[in-house]
Trainee: 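My questions all concern the structure below.
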Amino acid sequence: EKKMTAALVSSIKEIAVPIDLKDPQREALFAQGLKLALGGEGVVTLIHAAHNPVSANWLDMPTAREMLHRWGVIEDQATYEDFAKLHVRVCPVTVSGPDTAAALQSELVRRAPDLLIIGNHNRSGVQRLIRGSIAESVVRKTHLPALFLGENAQPMVDPATGATKIQKILVPISNNLNQQPLIDYLQRLLYTLAATPVLVTFVHCGGAADAMPALDLPSRPDWAFHTDRRGGPVVDGILAAATEHKVDLIAMATEGHNSLVDAIVGSKTERVIHRSPVPVLAVP
């Protein structure tokens with residue numbers, strides 16, 4: 001079955017993780033990227049953006065060898081040949097400049113990874129207007145799929161053990177956006193992580209008369225789909241559904257800021273990211 005699936009779904013090969021070497025989240029972010037690189041036999045690029053490149057101290061990060069040994073993937077005395085058999089590469093990169101966001105954006109455009117994995121700190125209201133969000137700005141400008149790990153979100157991959165928990169997924173549905181690219185990308189993510197079984201709950205926060213958009217859903221015996229219709233504010237409805245269904249991931253299609261209100265308080269996707277107890281996958 002895996003060979004048949006591989007012919008239809010490509011794994012995620014190139015993962016970029018913008019990282020602050022002093023950020024308490026740095027190890028959790030690295031773990032998400034390393035697990036994906038392990039499943040897709042790909043490369044995870046850790047990108048540290050700094051005003052002064054000399055200040056970058058990569059000794060603050062665990063090595064891939066240390067993390068994979070902790071997970072039981074390789075032995076303590078594993079040789080280079082043992083590591084090479086995993087077909088995984090980790091590339092630490094430092095970019096610098098007076099505008100770190102611009103330097104990071106330029107590096108990401110040049111590399112064009114399959115996925116960004118980004119930590120996100122809660123920021124809203126006046127503070128948002130004053131400081132903005134480097135992570136969200138970079139994602140909007142690069143138009144790349146991104147996995148956001150909020151500071152209060154439970155990671156999909158446990159940094160201590162490498163265990164992956166991604167069986168229940170919430171997908172907010174809208175009649176105003178093409179959802180098919182999100183569904184297609186979600187298949188790639190789940191295939192790369194070898195996630196099974198999977199329960200996808202579509203939450204439709206709209207009027208009862210609104211028709212569900214037509215979607216080409218994967219036909220797999222280990223995947224199940226459920227629809228949850230609810231009224232009220234969209235963001236509150238998504239977060240309530242995520243809690244009630246005890247999901248491991250929220251996956252959202254996004255089109256960025258499209259109104260003055262969005263620019264002030266954030267798009268629906270950004271507002272979900274700030275409050276979500278689980279990671280949020282945002283696919284343009």
Trainee: Only pairs at least two apart or in different chains count here, so list each side-chain hydrogen bond (donor to acceptor under 3.5 Å, both in side chains) that has a residue in residues 65-76.
Mentor: Glu27-Arg70
Trainee: Once side-chain contact (heavy atoms from CB on, under 4.5 Å) is applied, do any residues pair with Thr196, and if so which ones, sequence neighbours excluded?
Mentor: Asp222
Trainee: Could you tell me whether a side-chain N or O of Gln32 sits under 3.5 Å from a main-chain N or O of Ala28, the two making a donor and an acceptor?
Mentor: yes
Trainee: Can you name the side-chain contact (heavy atoms from CB on, under 4.5 Å) partners of Glu41, sequence neighbours left out?
Mentor: Lys13, His87
Trainee: Can you list everything that forms a side-chain contact (heavy atoms from CB on, under 4.5 Å) with Ala64? Sequence neighbours excluded, please.
Mentor: Phe30, Leu34, Phe83, Val90
Trainee: For Asp248 and Lys168, indicate whether the former's side chain and the latter's backbone hold a donor-acceptor pair under 3.5 Å.
Mentor: yes
Trainee: Going through the checks in order, is the side-chain contact (heavy atoms from CB on, under 4.5 Å) test met by Leu186 and Val283?
Mentor: CA-CA 9 Å; Leu186 186 58; Val283 178; over 6 Å; no
Trainee: What verdict does the salt bridge (charged side-chain N to carboxylate O under 4.0 Å, His left out) test give for Arg230 and Glu244, after you've listed the backbone C-alpha separation in whole Å, the side-chain angles of each residue and the deciding distance to 0.1 Å?
Mentor: CA-CA 12 Å; Arg230 57 181 66 208; Glu244 291 172 21; 2.9 Å; yes
Trainee: Can you see whether Thr94 engages Trp58 through a side-chain donor-acceptor pair at a distance of less than 3.5 angstrom?
Mentor: yes
Trainee: Side-chain contact test, heavy atoms from C-beta onward, threshold under 4.5 Å: evaluate it for Pro113 versus Thr45 and give yes or no.
Mentor: no
Trainee: Would you kindly confirm whether Met67 and Ile74 end up in one hydrophobic cluster when ILVMFWY residues are joined by side chain heavy atoms under 4.5 Å apart?
Mentor: yes
Trainee: Go through the structure and list residues passing salt bridge (Lys or Arg N to Asp or Glu O under 4.0 Å) with Arg188, not counting sequence neighbours.
Mentor: Asp114
Trainee: According to ring pair (Phe, Tyr, Trp, His ring centres under 6.0 Å), does anything in residues 233-255 pair up with another residue at least two apart or in another chain? List the pairs.
Mentor: His226-His245
Trainee: Check for a donor-acceptor pair, side chain of Glu14 on one end and backbone N or O of Gly42 on the other, with a separation under 3.5 Å.
Mentor: no
